[in-house]
Amino acid sequence: MSSPARSSGRSLPGERRRQHAEREPVNDQIGSYRRRTDLEERKRTETLLAAEKRLLEMIAKGSPLKQTLNALCGFVEEIFRDSSVSILLLDARGERLRHGAAPSLPDSYTSQIDGSAVDPAIGPCAAAAHSAQQVIVPDFASETRWPQVRALVLAHGLRACWSTPITSSEGKVFGTFAIYARKPGGPTVQQQYHLQQFTHLASIAIERDHALDALRRSEERYALAMASSGEGHWDWIVASDDFYASALLLQIFGLSPDSTFSSRAQFLELVPFHPDDRSKWEAAVQALLAGPNARLETEMRIVRNGETRWLHMTGLCVRDEGGAPARWAGSVSDVTERKHAEEELRARQQMLDLAQKAARAVAFEWRIGAGDGQNRWSPDLEAMYGLAPGSYDGTYGAWKRLVHPDDWPAVRAAIERARQTGDVAAEYRVLHKDGAIRWLQVKGRLLFDSEGQPAQIVGFMLDVTERRIAEEELRTMEAQLRLAQRLEAMGTLAGGVAHDFNNLLGAILGYGEMALGEAPAGSRLRRDIENIIVAGERGRALVDRILAFSRSGVGERVAVEVQKIVRETLKLVAAKLPEGVRIEQRLRAGRSASMGDPTQIHQVLMNLVTNALHAMPSGGTLRVSLDRVHIESQRAATMGSLLAAEYVVLKVADSGTGIPAEIRERIFDPFFTTKEVGVGTGLGLSLVHGIVTGLGGAIDMASTLGTGSAFTVYLPRFGQAVGADKARMPAPSRMSRGNRQRILVIDDETPLVDLVTGALARLGYTPVGFTSSPAALVAFSADPQGFDAVVTDESMPGTSGSELIREIRKIRPHIPALLVSGYLGAAVTQRAREAGADDVLKKPLSTQELAASLARVLQVSR
Amino acid sequence: MSLKGWIVVVEPDDLIRQLIERWLGEAGYGVLFAAKTDAVTAVVPSLVIADVSDPSCAGATIEDLRAAYRVPILALSARFRRGLGGSIATAHRLDVSHVLPKPFTREELLVAVGTAVADR
């Protein structure tokens with residue numbers, strides 16, 4: 001085995017040469033030192049300085065630690081002749097010594113020492129590292145503490161060992177610096193000085209290496225953090241305009257990894273901003289850099305490879321002492337997916353909101369067993385229950401109080417069903433604070449927890465009030481239709497019977513009358529025949545009533561001042577009022593008229609009053625009112641239906657027994673009666689119904705058992721009635737004549753215009769005829785006060801008669817107007833009424849009728 | 001006693017027919033019975049009395065009678081109703097001179113006939 005000194009290949013060639021030249025015995029070391037000339041001394045000092053300089057260079061350049069330490073060993077070995085240097089380094093955990101550098105010691109040695117525990121019992125180096133004290137073994141031959149190391153050392157021809165701990169500036173042990181000499185002995189003072197110096201150099205190298213290592217790890221750590229965050233980073237040093245962009249940043253911006261830029265401005269040139277966002281973003285950054293804030297968080301779009309991407313940017317501005325930006329750094333992440341997800345979520349939410357609104361539905365959640373206030377309702381749900389937003393307290397009790405008490409049993413049954421099936425389905429009414437009642441439908445699912453206990457209800461609430469009302473109306477209308485059909489069938493039957501009966505009665509009464517003429521006065525025969533005639537007359541009255549309800553009779557239709565008839569009828573009633581019955585009348589219809597037969601209106605009131613009195617056998621209050629009412633919208637009444645129009649409304653109410661629900665449907669049937677046999681005919685209400693329906697009216701009925709009933713009769717209003725003395729039509733012989741009043745006559749057929757103008761001229765009027773409504777309108781507009789009345793045909797091409805009346809009335813609101821129509825259906829009458837026609841006449845027009853009607857409307861207008 | 005004039009009567013009910021014949025005859029009228037479709041051409045009557053069993057579709061019958069006789073028509077019907085204001089509106093609607101609801105008394109018949117004849 002070659003000597004450690006010679007085996008070293010690390011010493012520089014020149015130094016080695018010098019080493020050989022100056023070789024001296026080790027035991028003479030001190031003496032030879034002393035013998036050194038000044039020149040030698042200077043040379044040594046130079047060598048040492050050169051070595052130190054070289055080592056510091058290596059350290060400063062960041063040469064690998066092993067290399068630096070090996071060089072250090074080489075220098076030391078040059079100074080300490082006949083010795084080998086070994087540097088051991090403490091591992092990261094400070095438990096074991098690892099081979100650091102030992103350029104002149106063979107592997108057979110180093111491998112034995114490598115990994116020794118830091119234990120004073122192992123060897124001198126371990127002891128030195130453990131105690132942080134220098135350990136000097138002058139001669140291993142006489143050393144007994146470490147037999148293993150002793151054997152190893154001696155086997156390698158070494159005798160002494162001076163092990164010095166390498167410590168950091170803070171006193172932390174890095175390892176050991178050991179010199180193994182081939183000759184026994186300890187270090188001189190000079191040698192100790194050198195040892196300290198070199199150990200210090202080793203410490204610097206190691207410390208520096210540790211620092212570099214820490215820095216590298218730190219950099220790696222940041223690089224890993226940056227890479228794993230998925231964010232791109234930038235760092236701009238303002239003063240030098242040095243702009244750093246991480247690889248991920250380039251990737252996010254869609255830039256090539258080897259993009260180059262030497263300033264921030266150059267980098268920004270490369271960024272593919274979305275055209276709408278560039279200036280916005282730049283303004284935000286400029287504002288931040290100019291302002292006092294440090295942090296900016298913003299979102300912007302770029303167009304990467306033709307695709308719009310959303311980026312989220314967080315930047316931090318570091319300022320110098322004067323507050324000017326010194327550094328601007330931060331990160332950018334691609335949030336396109338999140339944006340899309342948010343967008344989709346928002347769109348779905350919006351769609352759901354719209355769908356809910358459209359369906360008048362609201363999604364809800366109810367947690368069962370939740371404490372007070374834990375069940376939150378959306379404002380929409382609260383609105384469904386008529387609650388102000390945020391006013392629901394979340395309790396079961398508060399919800400239960402909102403449910404209509406009549407519907408609570410059904411709701412409870414639905415809850416019970418849901419417990420079994422999981423399906424939640426119910427319809428119930430809720431009471432709003434303002435008194436409104438809404439129908440709500442719930443459709444949902446009861447969810448159970450892991451223990452099978454009901455946990456939560458999720459579903460929809462729908463407002464189904466309109467549907468409920470429609471269903472209700474449909475039911476009412478179906479019932480009405482059934483009733484109307486039944487009444488019509490009965491009416492047809494009764495009409496036929498009446499016809500035959502009247503013929504029979506005609507014969508009975510006629511022959512009775514003749515027989516009466518033959519019978520002697522005061523004779524029994526005469527009385528008998530008189531009774532036959534009385535019975536016949538009663539039969540005739542009965543048949544007359546049957547004809548009224550069957551509507552197969554032909555009656556009169558004139559404008560009737562309803563209030564006058566009602567007042568007269570009530571006078572009759574008051575005269576024969578049963579004891580204990582009080583009458584309250586409130587007639588406020590003024591002179592409102594209805595088309596009909598005064599007798600019929602009298603009959604309607606008489607029958608209603610008779611029934612009302614009958615319902616109050618032990619007295620009570622009879623209330624009769626008459627009003628003018630404007631119906632706002634079309635609706636069904638108990639009998640018939642109401643249009644949006646003006647009505648004269650007659651109401652007869654009693655405080656009597658009320659009508660049992662089970663017979664309410666039948667009270668309008670002919671011959672249905674609750675009165676004792678012989679007291680009533682059972683024709684009263686069917687007569688009322690027949691008359692009212694025949695006049696285009698309707699009837700509402702309300703009744704509460706024990707409280708009373710009210711019948712409300714709606715008669716279409718038809719202008720104002722004329723003076724009482726004019727109510728009857730004049731006899732043909734006393735046909736009303738005009739007094740040169742100018743009458744505008746319009747009909748699209750010339751012969752009919754001629755006919756009417758001719759008739760009017762003969763009646764003493766001054767007619768002006770037109771065959772087109774626009775021409776008539778022009779003439780009228782030219783001189784509105786030049787005409788006294790208008791007579792127009794309804795059915796004309798272009799402007800119809802009712803339209804013409806409306807136009808003329810716009811110019812002169814109160815001018816009398818008559819409408820003539822070939823057909824007098826409900827639709828025409830309705831149109832005429834809406835247009836404001838004072839009367840409607842049927843074609844073919846008779847002179848009598850025209851004269852009477854014209855005289856009447858002119859009278860009213862006067 | 002000379003005849004006041006001839007009256008054509010269209011009345012399907014035999015009892016009523018006999019009654020009208022007796023009452024009008026006693027009052028001085030000559031009475032001729034006719035079927036609806038079959039006009040009496042022997043005399044020129046002063047009046048036609050016709051039963052209208054269904055006033056709502058009597059137009060054609062009235063038309064025919066007017067065409068055949070060209071004299072005033074008094075319509076009878078068991079379906080006419082008695083109103084306060086007389087039956088002028090009904091007469092207009094049917095386009096006849098007068099109407100008379102059944103059953104009627106002798107007096108009612110004679111007044112109606114007298115008025116109708118006088119109106120001619």
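Chain letters run A, B, ... following the sequence lines, proteins first, then strands; residues in each count from 1.
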(request) Nearest 0.5 Å please: distance from the OG1 atom of B:Thr105 over to the CD1 atom of A:Ile533. (result) 10.5 Å
(message) Distance check, rounded to the nearest 0.5 Å: B:Glu26 atom CD versus A:Met514 atom CE?
(response)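 Separation between the atoms: 7.0 Å.
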(request) Of all the heavy-atom pairs spanning A:Gly506 and B:Ile16, show the shortest one and how long it is. (result) C-CD1, 3.6 Å
(request) Grab the two heavy atoms, one from A:Arg540 and one from B:Phe104, that are nearest each other, plus how far apart they are. (result) NH1-CA, 4.3 Å
(request) State, with a plain yes or no, whether a side-chain heavy atom of B:Leu19 is found less than 4.5 Å away from one of A:Glu513. (result) no
(message) Testing A:Val543, A:Asn503, A:Leu509 one by one against B:Pro103 for a side chain to side chain contact (heavy atoms under 4.5 Å, CB included), which residue passes?
(response)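 It is A:Leu509, the one option of A:Val543, A:Asn503, A:Leu509 that forms the side chain to side chain contact (heavy atoms under 4.5 Å, CB included) with B:Pro103.
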(request) Mark yes when over 12 heavy atoms from residues, nucleotides or ligands other than B:Arg17 sit less than 6.0 Å from its CZ; otherwise mark no. (result) yes
